[in-house]
Q: 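Once you've had a glance at the structure underneath, I'll fire off some questions.
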Amino acid sequence: MNLEKKIKSGISEALKSQFGLEDQTETIQLQPTKKEFEGALTFVSFPYTSKTKKAPEQIGETIGKFLKDNLEEVADFNVVKGFLNLVISDKTWLSIFSNSVLSEDFAVLPSNGKRVMVEYSSPNTNKPLHLGHLRNNFLGYSVSEILKASGYDVVKANLINDRGIHICKSMLAYQLWGNGETPQSSGLKGDHLAGKYYVLFDKEYKKEIDVLKGQGVEEEEAKKQAPLMKQAQELLLKWEEGDKEIVALWEKMNGWVYDGFNATYKTIGVTFDKFYYESNTYLLGKNIVEEGLAKKVFFKKPDGSVWVDLTSDGLDEKLLLRGDGTSVYITQDLGTADLKFQEYKAEKSVYVVGNEQDYHFNVLKLILKKLGKSYADGVYHLSYGMVDLPSGKMKSREGTVVDADDLVKEMLETAEARTKELGKIEGFSEEDLQALYKKLGLGALKYFLLKVDPKKRMLFNPEESIEFQGHTGPFIQYTYARISAILRKAKQLEVDYNKETFSSLGNLHPSEREGIVLMTKFPEKIQEAARNYAPSEIAQYIFDLAKAYNHFYGEVAIFSEENKAALSFRIAFSFAVAKIINRGMQLLGIEVPEKM
RNA sequence: GGUCCCGUAGCUCAGCUGGAUAGAGCAACUGCCUUCUAAGCAGUAGGUCUUUGGUUCGAAUCCAAACGGGAUCACCA
């Protein structure tokens, strides 16, 4: 039985024997004791004043005394107003440390036999990835790792949006102005090359709109009338008809883009188990439309278009099939949801998609429910906020984006500069150095994007956002490297830790106690982060742990310690912290260096 | 206009299902490297938690309204 449960049942017993209350185990709440007070766990007695008809202080005193007398874990207590602070004996902490924290399978949670699919990244193939995509990729990867750690069987999926009007825009611009340029001839990464023509299209398209507006055409109309737009739409039609030349161009340009994406994915260290291509799935969903019509969940309008009425759920009427029988975004997504379930039978399906699509996913889930799909309840939209720049929103078309590849490159350069500045790279090979810069640069970037609650939008200031000091990835990596140095030295000196000697230890240093308390919380943190789909909770936790260790490091000497048991314990303590930091950072997709 | 999200220190952010004197980091200021890595540690200063009501023994947290910011309400994806 774990400590909290033991104390709770102790309190429940106290309430029963001292005040005659029935079993309260379920309702008793314990919270961590605030730093200013002595103790580790706090019981709040206010809620029991009416039941016991006693003053909060008196309840605290009575229960505190009972626990101290009856539980060996409780060494002492103090009462401040309605707060009963419990001091747990160091012996208890040491026993938890050696039996639980140090055990091989600590924080290794058993499989829960459930499968979850996490779809993330899902890029358009007409332009390179930018900072917003990085947040998406890092979130998706990290959430997958966290779900795995909490016992799920995870399938990471990437639905590539490889067809549609946006790709045709790039293709058209390339046809018109590309002069047969290739990634090889231009030296541009494939996705950047495609992006270049997307931007070019938009520039020329805007000119055409302006000309039309000058001729007195309304803006909305001008957008439709512009010749470039009409040509792009023609391309799309030809593509759908299977026009050989167009399909070949599409395949060629998409090929370039995939090469580019794969290079970026490899650099930033994200992976997928399954790729879906929209060109294969965009016709799906029509059978769902049939099904919905048969079930009378959907209805047909006179022009033949198919709709669903969601007004009773506070939403609008939603189109599912155009009058000409072609499908729209939501139709495809319905089809894909069904396909995913048929293929993987996952109980949960997580979509890592920006919060601008909140409405879309509300509709999607609602329709699946109305159709009586068993998997509807498992659909979860992990809706994350945008990354804003000081100048406002990022827009690919207008080129006001922070490009992912550029940013990563910059991060590695900064990592290199910082490292050289500090001059601690003696004994590193050139290869080691490059690997280190990558760990640090990406660590800083990933941590920066993951430490914030996914749901919230965040600000990225290129000038000053990503630091290497303070609440950052490199701070945590540094702590790990520091501990690694200690463990290396311990090995060299052949100081091993021996659990048996811990019991002969006297008192723990407060910083050691704090560290142990934090470490015991790791498994529940993983569960909580999985439940909330929130890597930020892991990020925050690992930061707190690293901070606690550095505090310990400053206060307590290790190798000059003469008491063998204390020395042994501190090595074990350091080892355990390093292990958790490493594991926690893995859950964020961040690598950790032995030296830096 | 309807719906949804957000508003905490100069800046960027924590604050779990309501609990004690609201926490970190950056920036500012003080100290600490001949002793295990100073990308660190210790400390000072900085807050009417947007505002106003309400519920409660207790509200940054829950409810309502106002103000401010954002997203969305496409036969685009």
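Chain naming here is simple, since letters A, B, ... match the order of the sequence lines and numbering starts at 1 in each.
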Q: Starting at the 5' end of nucleotides 31-37 of chain B, put B wherever the base has a protein heavy atom under 4.0 Å, S where only the sugar-phosphate does, and a dash everywhere else.
A: -----BB
Q: Looking at residues at least two apart in the chain, or sitting in another chain, which of them share a side-chain contact (heavy atoms from CB on, under 4.5 Å) with A:Glu61?
A: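 A:Glu61 satisfies side-chain contact (heavy atoms from CB on, under 4.5 Å) with A:Phe77, A:Val79 once adjacent residues are dropped.
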Q: Tell me which residues in residues 442-453 of chain A put a heavy atom below 4.0 Å from RNA chain B, sorted by number, or none.
A: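 A:Val452, A:Asp453 - these, ordered by number, are the residues of the stretch whose heavy atoms sit under 4.0 Å from the strand.
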Q: Does B:rC73 adopt a syn or an anti glycosidic conformation, taking syn as a chi angle within 90° of 0?
A: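 In terms of base orientation relative to the sugar, B:rC73 is anti.
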Q: Starting from the 5' end of RNA chain B, give me the residue, A:Val80 or A:Ala546, whose nearest nucleotide shows up first.
A: A:Val80
Q: Any side-chain N or O of A:Lys34 below 4.0 angstrom from OP1/OP2 of B:rA20?
A: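 A:Lys34 to B:rA20 OP1/OP2: side-chain N or O found under 4.0 Å.
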Q: Taking only residues two or more places apart in sequence or in another chain, which ones pass side-chain contact (heavy atoms from CB on, under 4.5 Å) with A:His509?
A: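 Scan of A:His509 (side-chain contact (heavy atoms from CB on, under 4.5 Å), adjacent residues dropped) gives A:Ser511, A:Glu512, A:Glu555, A:Val556.
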Q: Calculate the interatomic distance between A:Leu86 atom CG and B:rA20 atom P; express it in whole Å.
A: 17 Å
Q: Ignoring the backbone of A:Phe543, work out which of B:rG25, B:rG19, B:rC41 is nearest its side chain.
A: B:rG25
Q: Residues in salt bridge (charged side-chain N to carboxylate O under 4.0 Å, His left out) with A:Asp313, at least two apart?
A: A:Lys370
Q: Quick one: ring pair (Phe, Tyr, Trp, His ring centres under 6.0 Å) partners of A:Tyr277, sequence neighbours excluded?
A: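 By the ring pair (Phe, Tyr, Trp, His ring centres under 6.0 Å) rule, A:Tyr277 matches A:Tyr258.
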Q: Using the C1' atom as the reference point in each nucleotide, state the distance between B:rG10 and B:rC67 in Å, no decimals.
A: 23 Å
Q: For A:Lys286 and A:Gly325, indicate whether the former's side chain and the latter's backbone hold a donor-acceptor pair under 3.5 Å.
A: yes
Q: Flag this pair as yes if the NZ/CZ of A:Arg135 is under 6.0 angstrom from the six-membered ring centre of A:Tyr384 and inside a 45 degree cone about the axis; otherwise no.
A: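 The answer is no; the distance or angle limit is not met.
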Q: Return the set of residues passing salt bridge (charged side-chain N to carboxylate O under 4.0 Å, His left out) with A:Glu221 (not counting sequence neighbours), or none when no residue passes.
A: none
Q: Please report the distance, rounded to the nearest Å, between CZ in A:Arg418 and P in B:rA39.
A: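 After rounding, the reported distance stands at 8 Å.
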Q: What interatomic distance, in whole Å, is found between P of B:rU61 and the corresponding atom of B:rG54?
A: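 The same atom, P, in both gives a distance of 14 Å.
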Q: Would you find a donor on one side and an acceptor on the other, under 3.5 Å apart, between the side chain of A:Thr472 and the backbone of A:Ala444?
A: no
Q: Using the P atom as the point on both nucleotides, what is the distance between B:rU51 and B:rA22, in whole Å?
A: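 To the nearest whole Å, 16 Å.
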Q: What would the secondary structure line of RNA chain B be in dot-bracket form, counting Watson-Crick and G-U wobble pairs under 3.5 Å, with [ ] for pairs that cross earlier ones and | for pairs with another strand?
A: (((((((..((((.....[...)))).(((((.......))))).....(((((..]....))))))))))))....
Q: Just how far, in rounded Å, is C1' of B:rA14 from CD of A:Glu528?
A: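 After rounding, the reported distance stands at 13 Å.
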Q: Ignoring hydrogens and geometry, is there a side-chain-to-backbone donor-acceptor pair from A:Asp162 to A:Asn254 under 3.5 Å?
A: no
Q: Test of understanding: with side-chain contact (heavy atoms from CB on, under 4.5 Å), list the residues that count as partners of A:Lys525, not counting sequence neighbours.
A: A:Glu528, A:Tyr541
Q: Closer than 3.5 angstrom, by distance alone: can the side chain of A:Asn136 be matched with the main-chain N or O of A:Gly354 as a donor-acceptor pair?
A: no
Q: How far, in whole Å, is B:rC41 from B:rA27 if one measures between their P atoms?
A: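 That atom pair is separated by 13 Å.
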Q: When you get a sec, tell me which of B:rA20, B:rC13, B:rC4 is the closest nucleotide to the side chain of A:Thr33?
A: B:rA20
Q: What N/O pairs connect the protein and nucleotides 71-77 of chain B at under 3.5 Å? Give each pair on its own line.
A:
| from | atom 1 | to | atom 2 | distance (Å) |
| --- | --- | --- | --- | --- |
| B:rC73 | O2' | A:Asp316 | OD2 | 2.6 |
| B:rC75 | N4 | A:Asp303 | OD2 | 3.0 |
| B:rC76 | OP2 | A:Arg322 | NE | 3.3 |
| B:rC76 | OP2 | A:Arg322 | NH2 | 2.5 |
| B:rA77 | OP2 | A:Tyr329 | N | 3.3 |
| B:rA77 | O3' | A:Asn161 | OD1 | 3.4 |
| B:rA77 | O3' | A:Glu278 | OE1 | 2.7 |
| B:rA77 | O3' | A:Glu278 | OE2 | 3.1 |
| B:rA77 | O2' | A:Asn161 | ND2 | 2.3 |

Q: Are A:Glu240 and A:Arg163 close enough for a salt bridge, meaning some N to O gap below 4.0 Å?
A: yes
Q: Between C1' on B:rG18 and CD on A:Gln31, what's the gap in Å once rounded to a whole number?
A: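 Atom CD in A:Gln31 sits about 10 Å away from atom C1' in B:rG18.
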Q: Base, sugar-phosphate alone, or nothing: which one does A:Asn85 contact when heavy atoms must sit under 4.0 Å apart?
A: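 Base contact - A:Asn85 has a heavy atom under 4.0 Å of at least one base atom.
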Q: At 4.0 Å (heavy atoms only), tell me whether A:Leu321 reaches a base, stays on the sugar-phosphate, or touches nothing.
A: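 No contact.
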Q: Using whole Å, report how far NZ of A:Lys35 lies from C1' of B:rG23.
A: 8 Å
Q: Whole angstrom is fine here: how far is it from NZ in A:Lys455 over to P in B:rC4?
A: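 So the two atoms are 17 Å apart, to the nearest Å.
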Q: I'd like the C1' distance from B:rG70 over to B:rG25, given in whole Å.
A: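 Per the computed distance, 25 Å lies between those C1' atoms.
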Q: Pick one: which of A:Tyr351, A:Phe361, A:Tyr120, A:Tyr359 meets ring pair (Phe, Tyr, Trp, His ring centres under 6.0 Å) with A:His381?
A: A:Phe361
Q: Starting at NE2 of A:His471 and ending at P of B:rU12, how long is that distance when rounded to a whole Å?
A: 16 Å
Q: Judged by atom type as modelled, is there a donor-acceptor pair below 3.5 Å linking the side chain of A:Asp544 to the main-chain atoms of A:Leu518?
A: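 No, because the side chain of A:Asp544 does not come within donor-acceptor range (under 3.5 Å) of the backbone of A:Leu518.
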Q: Check every atom of B:rA20, B:rG19, B:rA14 against the side chain of A:Val44 and return the nucleotide holding the closest atom.
A: B:rG19
Q: Is A:Phe475 stacked on the base of B:rA39, meaning ring centres closer than 5.5 Å and planes within 30 degrees of each other?
A: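 Whether judged by distance or by angle, A:Phe475 falls short somewhere, so it does not stack on the base of B:rA39.
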Q: Can you name the side-chain contact (heavy atoms from CB on, under 4.5 Å) partners of A:Leu493, sequence neighbours left out?
A: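 Expected list: A:Lys489, A:Val495, A:Phe559.
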Q: Pairs under 3.5 angstrom, nitrogen or oxygen only, protein versus nucleotides 55-64 of chain B, please.
A:
none

Q: On the side chain of A:Thr419, is there an atom forming a donor-acceptor pair with the base of B:rA39 - under 3.5 Å, no angle test?
A: yes
Q: Quick one: pull up CG in A:Leu339 and CG in A:Asp333 and give me the separation to the nearest 0.5 Å.
A: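 Result: 11.5 Å between the selected atoms.
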Q: Run the salt-bridge test on A:Arg457 and A:Asp388 with the 4.0 Å N-O cut-off and return the result as yes or no.
A: yes
Q: When the P atoms of B:rC73 and B:rC16 are compared, how many Å lie between them, rounded to an integer?
A: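 It works out to 32 Å between them.
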Q: Using atom CD1 of A:Ile466 as one end and atom P of B:rC11 as the other, report the distance to the nearest whole Å.
A: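 Distance check: A:Ile466 CD1 to B:rC11 P gives 20 Å.
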Q: B:rA74 and B:rG69: how far apart are their C1' atoms, nearest whole angstrom?
A: 25 Å
Q: Name the nucleic acid region contacted by A:Thr42, choosing base, sugar-phosphate or nothing; use a 4.0 angstrom heavy-atom cut-off, strictly under.
A: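 Contact class for A:Thr42: base.
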Q: Do A:Tyr282 side-chain atoms and A:Gln332 backbone N/O form a donor-acceptor pair below 3.5 Å?
A: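 No; zero donor-acceptor contacts below 3.5 Å.
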Q: Would you verify whether the NZ or CZ of A:Lys439 falls within 45 degrees of the ring axis of A:Tyr480 while also being under 6.0 Å from that six-membered ring's centre?
A: no
Q: Given the C1' atoms of B:rU55 and B:rC63, what is the spacing between them in whole Å?
A: 7 Å
